[in-house]
Amino acid sequence: MPRYNPKDVEPKWQEYWLKKKTFKAEIRADKPKFYALDMFPYPSSNGLHVGHPEGYTATDIVCRYKRMKGFNVLHPMGWDAFGLPAEQHAIKTGTHPRATTEQNIKNFTRQIQALGFSYDWDREISTCNADYFKWTQWIFKQLFESWYDAQTQKARPIAELPIPAEIQKQGDPASTTYRNNQRLAYISNAPVWWCEALGTVLANEEVIDGKSERGNHPCEKRPMRQWMLRITAYAERLIRDLDSLDWHESIKHMQRNWIGRSEGAEVDFQLDGNKGALRVFTTRPDTLFGATFMVIAPEHPLIETITTPEQKSSVEAYRKQASGKSDLERGLDREKTGVFTGGYAINPVNGSKIPVWTADYVMMGYGTGAIMAVPAHDERDYAFAKAMNLSIVEVISGGDISKEAYTGDGPLVNSSFLDGLRVDAAKSKIIGWLEEKGLGKARVQFKLRDWLFSRQRYWGEPFPIVHGPNGPESIPDAELPVNLPELQDYKPTGTFEPPLSKAADWVRYSDAKKRELNTMPQWAGSSWYFLRYLDPHNDKEFCSREAEKYWMPVDLYIGGAEHAVLHLLYARFWHKVLFDLGHVSTAEPFQKLVNQGMILGEDGEKMSKSRGNVVNPDDVIGAYGADAMRLYEMFMGPLERMKPWQTSGIEGQWRFLNRAWRVTIGDDRNATVIVDREPPVELLKSAHRCIKKVTEDLNELHFNTAISAMMVYTGDLASALEKEGVAYRHTSEILAKLVAPFAPHIAEEIWQALGHNHTLAYEAWPAYDESLTVDDSVEVVFQINGKVRAKEMLSKTLTAKELEDTARANEKFAPHLANQDVVKVIAVPGKLVNFVVKPK
RNA sequence: GCGAAGGUGGCGGAAUUGGUAGACGCGCCGGACUUAGAAUCCGGUACUUCGGUGUGGGGGUUCAAAUCCCCCCCUUUGCACCA
């Protein structure tokens, strides 16, 4: 018999699975479906790192298990293939990004296949292929051709948008503009993040503390003509529907936080001197009587109206200073600064005249860009009032406002008709009062902004949009896909013009119309790829109704936590639009989400080239094989936890696989003799205990403890083989089946050696007999005051009284009771007896 | 500052309906095989002055606490002037 050699075994089965299309998935009415999804990779030139296979192995194990449990499993893989690195490579070398990408995909495919994952490769997709991005463009068209009906809370076709009579009166151009401004995809001139180093604008989500998420380059806000997607229309639903999802709370929390829903009221303050009203948003309308000044953002449009001539120069100076500060500086510098505008506003509840200041701690981008300041009950306003020596009026008792702002609850004071109420009651009463008087109303405010959707890049999806005299319009479906033009060079233009402007022939759509020059961000393709897997070769629809109904939603989605607010929010948003328009049948795409923890280098640090602590999967597979690598990554610890890699640790998995091989197949001296006899009951019990543990752990994704259980079982098989000189078919087959999801190559080999000539992938998962998983006798401990003094193997069925008597009779234990008063005896059958004693 | 997760042998980690802490693996020690080593196999392995002591630290509840309660410390991670 040959010894275990993964270099022979693994390629053999990988070829078998590919050739026989073992994992081809088809719609079948006779089986329940299971859709397991991996976050598809960007095929970088670095190839796979050990972090990728961690998530992929986890889903693969679940898929293989589910197949054996009788599920019809969909497990696809593809490529998030548009992206900046290939474009930057093209700028440097002139190589077309497509060529680079295709080569990288080849390498990724080789590496992934070497790990023996059970993907249905017939469903492989790549976001940069025309037959894929044709549908990305088509979905964009759906967004462009829709508006959000606030009444029914859903997207509707733009043709159904009612145009107000006064707009219609102004003529067609006015109606067109009105319509364009209601679309879910619209053009805006608002300030956006521009990254000079990357030569493109970026979404809010891609900029962290004023630096680009990718590359950490400085970014600045500047007004530019850009495509936006109206994700804010879905803010409420994106928050609400999180409740129905089986995701880790921390990820839900991050999304809720990002969407940032807060309830409050908007209130109009009349400006002194008939200058109109200043509108604020506040979450604390109950403290309205305590508003002693107002603050507007330096960028607020009313600032010039409010500022008096005497204050003009200092306000101008302050505005200049504030605009020079990046948001990063504004955020980090907690020292309060600001200047008085000279203007006053009237507090609507008590008519008092309060000064209006401008300060950079109020942001133009949130709420109305203006606040009512209640220093007694808001920490920021308190700090500002202290710094500027402004008055502080307590309206909620319970704190000490001479020391700090009090933000807690308590009875209201100094608040006229609100006096005596607690915060919540005061809130509803004042909102009712404001609404009645027409001074304000309840309002829900979100932090979420619309999604900046255009990039000044080459390697992305072109927009299915042309610009003519009537503004932007989408091109007919029949003209999709819009392909990228070939370029001589991919360099940024040096201006804000996208590189596609260089393709003059392509840009010209007709005499009167020009193509859109921006491309879509990388998030576009990944916002719906899980739908294309369902029906990847369909050239009539993005996927068939039938396939969508059968497979959706995704039952298990595993990937890194770094996508908590970007990809996962965008994909949910697109899915809801498609849902509203009747193209998909579920409101949410990903029912269960699991985030795998990062694998660190051996030094406990994040793996990186510069640290030189990167572990290459190719090397690990070369030395120990894919099965050992898969087992080790799952054995390291809980899937969700961050954990350091230890190459020596994989030795244990190698030994385990060798032992599993030896107890079923044999070693180089002896083939293991397999007999059909009934195995001894002890071995059978070990088998059933293992089946139970592995089955339960798989349901909970507790792979590490499942592997541990299989090691114990294999040890028992080895002992039995040692003792009896033979192995039993029954218990050997159980081992092969249990190991199969984790280490599929060796499992197939063992299965074959046991005389089967078909794949093990669809064999029934072994069932366990509960009665065989329990032992009649257990070790019961005898304690004195909670300390273990003796142990004895006893029947589980002994009563408390019998246990106590047995303990008293135990010759090792009895001496401990001498000269003691037994105060109390606690006996737990099957576990322990505890004597509570006091010295006599 | 606020939120979340976590802190257990030399190391990765088990065990949380309160009931034998340290499963399983690495490493280490010893043994078998071998001229020898590697590989493989078998056994041992929390600390200990052998009384006991031990799950980040301190208190509490309980016959009994890694597990429940209170206070504190540390690590990772997310948010951070969002009115």
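The chains referred to below are lettered A, B, ... by the order of the sequence lines, with proteins before strands, and numbering in each begins at 1. Predicted, not measured: the structure shown is a model, and the values here were computed from it. Hydrogens, waters and symmetry mates are skipped; everything else that's a heavy atom, side chains included, is used.
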Fill in: Minimum heavy-atom distance A:Ala291-A:Ile354, with the two atoms named
O-CG2, 3.7 Å
Worksheet item: Starting at the 5' end of RNA chain B and moving along, which residue's nearest nucleotide shows up first, A:Gln646 or A:Val565?
Response: A:Gln646
Worksheet item: What string of B, S and - do you get for nucleotides 28-34 of chain B, 5' to 3', if B is base contact, S is sugar-phosphate-only contact and - is no contact with any protein heavy atom under 4.0 Å?
Response: -------
Item to complete: Give a yes or no on whether a salt bridge exists between A:Lys692 and A:Glu770, defined as a side-chain N under 4.0 angstrom from a carboxylate O.
Response: yes
Fill in: P atoms of B:U40 and B:C26, separation to the nearest Å
10 Å
Discussion item. Of the listed nucleotides (B:C79, B:C81, B:A83), which one gets closest to any side-chain atom of A:Asn257?
Written reply: B:C79
Discussion item. Roughly how many Å apart are B:C68 and B:C2, using the P atom of each and rounding to a whole number?
Written reply: 23 Å
Fill in: Euclidean distance for P, B:C28 against B:C72 (whole angstrom)
43 Å
Worksheet item: To the nearest Å, how far apart are A:Asp378 CG and B:A83 C1'?
Response: 6 Å
Item to complete: Round to a whole Å and report the spacing from CE of A:Met642 to P of B:U76.
Response: 9 Å
Worksheet entry | Interatomic distance at C1', B:A15 relative to B:G9, whole Å | 15 Å
Fill in: pair A:Phe269-A:Met372: side-chain heavy atoms closer than 4.5 Å
yes
Worksheet item: Counting only N and O atoms by type, is there a donor-acceptor contact under 3.5 Å from the side chain of A:Asp378 to the main-chain atoms of A:Ala405?
Response: no
Worksheet item: Is a salt bridge present between A:Arg279 and A:Asp268, judged by a nitrogen-to-oxygen distance below 4.0 Å?
Response: yes
Discussion item. Could you tell me how far apart A:Tyr361 (OH) and B:G1 (P) are, to the nearest whole angstrom?
Written reply: 22 Å
Fill in: Sidechain-backbone polar pair: A:Tyr406 side chain, A:Asp409 backbone, donor-acceptor under 3.5 Å
yes
Discussion item. Between B:G7 and B:G56, how far apart are the two C1' atoms, rounded to whole Å?
Written reply: 6 Å
Worksheet item: Mapping A:Glu379 and A:Ser262 to their closest nucleotides on RNA chain B, which lands nearer the 5' end?
Response: A:Glu379
Worksheet item: Please give, in whole Å, the distance from B:C79 P to A:Phe446 CZ?
Response: 20 Å
Worksheet item: Side chains of A:Leu434 and A:Lys441: closer than 4.5 Å at any heavy-atom pair?
Response: no
Worksheet item: Tell me: CD of A:Gln255 to P of B:A4, nearest whole Å?
Response: 18 Å
Worksheet entry | ring-ring contact (aromatic ring centres under 6.0 Å, His included) partner of A:Trp654, the single match among A:Tyr632, A:Trp661, A:Tyr4 | A:Tyr4
Worksheet item: Can you check the A:Phe281 CZ to B:A83 C1' distance for me, whole Å?
Response: 8 Å
Item to complete: Work out which heavy atom in A:Arg449 is nearest to a heavy atom in A:Thr232; give both atom names and the distance.
Response: C-CG2, 3.5 Å
Fill in: Polar side-chain atom of A:Asp450 near backbone of A:Ile231 as donor-acceptor pair, under 3.5 Å
yes
Worksheet item: Just how far, in rounded Å, is P of B:A4 from CZ of A:Arg256?
Response: 12 Å
Discussion item. So A:His816 and A:Phe782, do their side chains get closer than 4.5 Å, heavy atoms only?
Written reply: no
Name the pairs: protein N/O against N/O of nucleotides 52-56 of chain B, kept only if under 3.5 Å.
residue : atom : partner  : partner atom : Å
B:G52   : OP1  : A:Arg789 : NH1          : 3.4

Worksheet item: Excluding sequence neighbours, so at least two apart, what forms ring pair (Phe, Tyr, Trp, His ring centres under 6.0 Å) with A:Tyr366?
Response: none
Fill in: Short side-chain donor-acceptor distance under 3.5 Å, A:Arg261 and A:Gln445
no
Worksheet item: Is it true that a side-chain atom of A:Lys831 and a backbone atom of A:Pro829 form a donor plus acceptor pair closer than 3.5 Å?
Response: no
Practice prompt. Determine, for A:Arg256 against A:Glu249, whether the closest basic-nitrogen to carboxylate-oxygen distance falls under 4.0 angstrom.
Written response: yes
Response to the item:
Taking B:C26, B:A83, B:A5 as options, the one with an atom nearest any side-chain atom of A:His248 is B:A5
Discussion item. For nucleotides 14-24 of chain B, give me one character per nucleotide, 5' to 3': B if any protein heavy atom sits under 4.0 Å from the base, S if the only such contacts are to the sugar-phosphate, - if neither.
Written reply: S----BB--BB
Discussion item. Would you call the rings of A:Phe813 and A:Phe835 parallel, tilted or perpendicular, taking 30° and 60° as the class edges?
Written reply: tilted
Worksheet item: What string of B, S and - do you get for nucleotides 40-50 of chain B, 5' to 3', when a contact is any protein heavy atom under 4.0 Å?
Response: SSS--------
Discussion item. With the 90 degree cut-off around zero defining syn, does B:G51 come out syn or anti?
Written reply: syn
Worksheet item: Quick one: are A:Thr358 and A:Arg319 in side-chain contact, heavy atoms under 4.5 Å?
Response: no
Worksheet, complete the sentence: Parsed dot-bracket for RNA chain B after applying the Watson-Crick and G-U rules with both distances under 3.5 Å and | for other-strand partners is (((((((..(((......[....)))((((((.......))))))((....))..(((((..]....))))))))))))....
Practice prompt. Considering only atom P, compute the distance from B:C81 to B:A66 and round it to an integer number of Å.
Written response: 42 Å
Discussion item. Just the rounded figure in Å: distance from C1' of B:G6 to CG of A:Leu600.
Written reply: 14 Å
Practice prompt. Check whether more than 12 heavy atoms from other residues, nucleotides or ligands sit under 6.0 Å from atom CD of A:Glu379, and answer yes or no.
Written response: no
Worksheet item: Where does B:G9 land, syn or anti, once you apply the within-90°-of-0 test for syn?
Response: syn
Fill in: Whole-Å P distance, B:G58 and B:U53
14 Å
Fill in: Whole-Å P distance, B:A64 and B:U75
35 Å
